[in-house]
There are 2 protein chains.
Amino acid sequence: MSAPEKPLRKITSFDVARRAGVSRGTVSRTFTPNASVSPETREKVVKAAKELGYRVNFLARGLINQRSDFVGVVAASINDPYRAMQIEQIAKSLVRHNFRPILLPDSQGENADHAIEQLLHYNVSGVLVISYAPPTALCAEFAAAGVPIVLINKADSIPTVDRVVSNTDAAGRLAAVTLIEGGARQLVVIGAAAISFTARRLQQSFIACCHALETEVRTFPVKFNDYANGFAAAATLNGVDGAFCVNDYMACGLIDGLRQRGLVVPFDIRVIGHDDVPQASWASYDLTTLKRHFDLQAEQAIDLLLSRMNDLEMAERVELTPVSLVRRSTA
Amino acid sequence: MSAPEKPLRKITSFDVARRAGVSRGTVSRTFTPNASVSPETREKVVKAAKELGYRVNFLARGLINQRSDFVGVVAASINDPYRAMQIEQIAKSLVRHNFRPILLPDSQGENADHAIEQLLHYNVSGVLVISYAPPTALCAEFAAAGVPIVLINKADSIPTVDRVVSNTDAAGRLAAVTLIEGGARQLVVIGAAAISFTARRLQQSFIACCHALETEVRTFPVKFNDYANGFAAAATLNGVDGAFCVNDYMACGLIDGLRQRGLVVPFDIRVIGHDDVPQASWASYDLTTLKRHFDLQAEQAIDLLLSRMNDLEMAERVELTPVSLVRRSTA
DNA sequence: CTGTTAGCGCGTTCAC
DNA sequence: GTGAACGCGCTAACAG
């Protein structure tokens, strides 16, 4: 009634400038990293801003800079414990670096492509792909737009697309050595090599190491690397005394399946997993496993992102994330 | 060398307009929901846009509309299976509604407040808070900015802040009835009522129902609702034949702990959980539990968001998410 | 239904 | 170090 002006008008840098008795440019510089403002004026501006409740509009900033501080995070089946761990670490690292993770939870396939493409509408600073291998055409599109993509634990090499991969060579070797040292002589590796890059690589290095140590080994292919397939595998597994599961989730299933058959882990058969998810340390499993350092991997991914932002033409890089053995009671 | 003009200039609506032989306004209308363009011109514009590889800049759009299509999602300990399920469903629902979830993974406390406040810099459409109760001052700030907040499974009622909560009354009652029908006479409810709203409410309704059915019941307070505390609880639990754990994670720990003591579930003691996380269906546990419908809850949350966007002054609403009993072998 | 005009809020040249 | 101008890419309101 009394006020003709709108009560909820947005506070802009102009308002702050007026109140602080300076120009808009000065206000802008005060809130821009790499500024150059005299301490006194800066203080005046900050004070005025606080009194008015001013906040920089990052949308406008992104418009100017041709780059926002968003980073796309593409991930499917967050449900899986290790996937959840990955995402949490990645999100935390991004926020720590003052990026904002925009989460794209996608079922595989066409939808994912579409969702990823959407990111170009927001001038994102980059994309982290966890659970899906985008087609090269799409990668090229991002490269053309100057938006770096980092693939996490993915297979194929794509020009100007950096990757960070878990050290599967070391993991496979450690698994084999640990089982053999524990007394196993007839080994098996269980995993869906067909659908998972990590599984495939783990299997390869595990087998290679077994051969080098002159130990018998065979593969047990499954459809998915999950609890159910591990459980089912136990039913038809014979003549082995040491099993390497390419993830803990599946190892838990295997152990439960073996128990149902009356077999005792690790006496009848030793089991080793991969990931070190929380369940691995549960009393019911107490699973010996290869720990993946997701916190470290997240930092590596962001480092790659940052360095490529500085040099778009850089040759593609592959960063290796270390794994470490966690000795528990199953091997 | 040959081209003086920059090769990578961004395609703008102006370029599309020129190529299609129309004005910028027309191009804009073509890509704006609730447009009004003649089919023919629309086709021309779309064609030109496709040829040029044009994409609307959503940052600029957000600048105009005073509102972006981002929605903040605040969540701690994504690690927990049920938290992960929640987040996945929420993110999927948001994307389905054409929002972009920006994920704030935060440790409790001051940091969280700061992180949430950051959202105001992006003109977000709303905020979904899963794992943290923001102070009223902060809520007021968002209300003043016209940004709706929806709290998920949180306690305190705050003016103009909507909430969606799991139907804990039904869950507690179902738990009690199921245990008693199964033959239990000495009940216990295990949970960290002090730190979790859901746990507190479940405990209350469980006890109330026991009283109504004239069955003995007591509480077993723990520090956190996790596996370790469930496991530890088993060691000092005596004289009970039915236990309700406020989440499955803890129920798994309890079962493992009981087994270690040589007790047999469900004969010596019946156990019922809450959430229905994937582990609950594992053979090793086969846990009877109350299923939370996260998919539904996510939709409810977004509905609240949308309706409040239409009417900021609306009285606060509380939406109830149903739970359902999943009968397995532990009760 | 279409073209035109006027901002949205800010960063970054320039002169001074 | 500071202020004035211009432009980032787009949508909304109006005139035709």
Side-chain angles (χ1 to χ4, degrees), chain A residues 5-6 8-46 48-49 52-70 118 120-125 145-146, chain B residues 6 8-46 48-49 52-70 120-125 145-146:
Chain A
E5 55 203 11
K6 293 186 182 177
L8 265 178
R9 238 198 63 256
K10 270 247 152 109
I11 309 295
T12 93
S13 63
F14 184 72
D15 302 312
V16 178
R18 283 232 308 199
R19 184 178 246 269
V22 297
S23 78
R24 285 223 321 280
T26 306
V27 175
S28 171
R29 257 169 272 138
T30 306
F31 293 106
T32 302
N34 319 327
S36 58
V37 191
S38 79
E40 312 153 11
T41 44
R42 144 164 268 125
E43 194 181 350
K44 275 196 302 186
V45 173
V46 168
L52 261 43
Y54 168 72
R55 4 186 128 266
V56 178
N57 186 327
F58 286 176
L59 262 35
R61 175 179 284 181
L63 193 54
I64 291 277
N65 295 342
Q66 311 256 57
R67 164 149 300 170
S68 69
D69 43 9
F70 291 109
Q118 291 278 322
L120 286 175
H121 292 258
Y122 299 95
N123 283 8
V124 295
S125 287
Chain B
K6 292 188 182 178
L8 266 177
R9 237 196 65 256
K10 270 243 153 110
I11 309 295
T12 93
S13 64
F14 184 72
D15 302 312
V16 178
R18 283 234 305 203
R19 184 176 247 267
V22 297
S23 78
R24 286 224 315 283
T26 304
V27 175
S28 171
R29 255 169 275 138
T30 305
F31 293 106
T32 301
N34 317 329
S36 57
V37 192
S38 79
E40 312 153 10
T41 44
R42 144 164 269 125
E43 195 181 350
K44 274 197 304 186
V45 172
V46 169
L52 261 42
Y54 168 74
R55 8 186 123 267
V56 178
N57 186 328
F58 285 176
L59 262 34
R61 175 181 284 181
L63 194 55
I64 291 276
N65 295 341
Q66 312 258 57
R67 165 148 301 169
S68 68
D69 44 8
F70 291 109
L120 286 175
H121 292 258
Y122 299 95
N123 282 8
V124 294
S125 287

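First the proteins, then the strands, lettered A, B, ... as listed; each starts at 1. If you're wondering where the values come from, they're calculated on a predicted model, not measured in any experiment.
B:Asn65 has its CG atom 14 Å from the C1' atom of D:dA13, to the nearest Å. D:dC10 atom P lies 10 Å from atom CD1 of B:Ile64, rounded to whole Å. At whole-Å resolution of the value, CG in A:Leu120 and C1' in D:dG9 are 16 Å apart. Between the C1' atom of C:dC8 and the CG atom of A:Leu59 lies a distance of 10 Å, rounded to the nearest Å. Look at CZ on B:Phe14: it is 13 Å from P on D:dG7, rounded to the nearest Å. Distance, B:Asp15 CG to D:dC8 C1': 14 Å, rounded to whole Å. Distance CZ (A:Arg24) to C1' (D:dG7): 12 Å, rounded to an integer number of Å. Rounded to an integer number of Å, the gap from CG of A:Asn123 to C1' of C:dC10 is 15 Å.
B:Tyr54 comes within 4.0 angstrom of sugar-phosphate atoms only, judged by non-hydrogen atoms across all strands, and of no base. B:Val37 comes within 4.0 angstrom of sugar-phosphate atoms only, judged by non-hydrogen atoms across all strands, and of no base. Within 4.0 Å (heavy atoms only), A:Val22 reaches sugar-phosphate atoms of the nucleic acid but no base atom. At a threshold of 4.0 angstrom between heavy atoms, the contacts of A:Ser38 are confined to the sugar-phosphate backbone, with no base atom among them. Nucleic acid contact class of B:Arg55 (heavy atoms, under 4.0 Å, all strands): sugar-phosphate only.
One finds a side-chain N or O of A:Gln66 lying less than 4.0 angstrom from the OP1 or OP2 phosphate oxygen of D:dG9. Taking side-chain N and O atoms only, B:Ser28 has no distance below 4.0 Å to OP1 or OP2 of D:dC10. Side-chain N/O atoms of B:Ser23 include none lying less than 4.0 angstrom from OP1 or OP2 on C:dT4.
For A:Thr41, counting side-chain heavy atoms from C-beta on, the closest listed nucleotide (D:dT11, C:dT2, D:dT2) is D:dT2. Here D:dG3 is the nucleotide among D:dG3, D:dC6, C:dG9 with the atom lying nearest to any side-chain atom of A:Thr26. Distances from the side chain of B:Arg29 to the nucleotides C:dC8, D:dA13, C:dT12 place D:dA13 closest. Closest contact between the side chain of A:Thr12 and the listed nucleotides C:dG9, C:dC8, D:dG3 involves C:dG9. In this structure, the nucleotide among C:dT12, C:dG3, D:dT11 sitting nearest to the side chain of B:Val56 is D:dT11. If you check C:dC1, D:dC10, C:dC10 against the side chain of A:Arg61, the one that comes closest is C:dC10.
Side-chain atoms of B:Ser28 do not come within 3.5 Å of backbone N or O of B:Arg24 as any donor-acceptor pair. Put simply, the side chain of B:Ser68 gets close to the backbone of B:Tyr122: a donor and an acceptor are under 3.5 Å apart. A donor-acceptor distance shorter than 3.5 angstrom exists from the side chain of A:Arg42 to the backbone of A:Thr30, with no hydrogens or angles considered.
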message: The test is side chain to side chain contact (heavy atoms under 4.5 Å, CB included); show your working for A:Leu63 and B:Leu63 and say whether it passes.
response: CA-CA 9 Å; A:Leu63 193 54; B:Leu63 194 55; 3.6 Å; yes
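Classification of the B:Tyr54-B:Phe31 ring pair by plane angle, with boundaries at 30° and 60°, yields tilted.
Within a 6.0 Å sphere centred on CZ of B:Arg18, heavy atoms belonging to other residues, nucleotides or ligands number 12 at most.
In terms of position along DNA chain C, the nucleotide closest to B:Gly21 lies nearer the 5' end than the nucleotide closest to the other residue of the pair B:Gly21 and A:Phe31.
In the interface, the side chain of A:Arg42 is not paired with the base of D:dG1 through any donor and acceptor atom under 3.5 Å apart.
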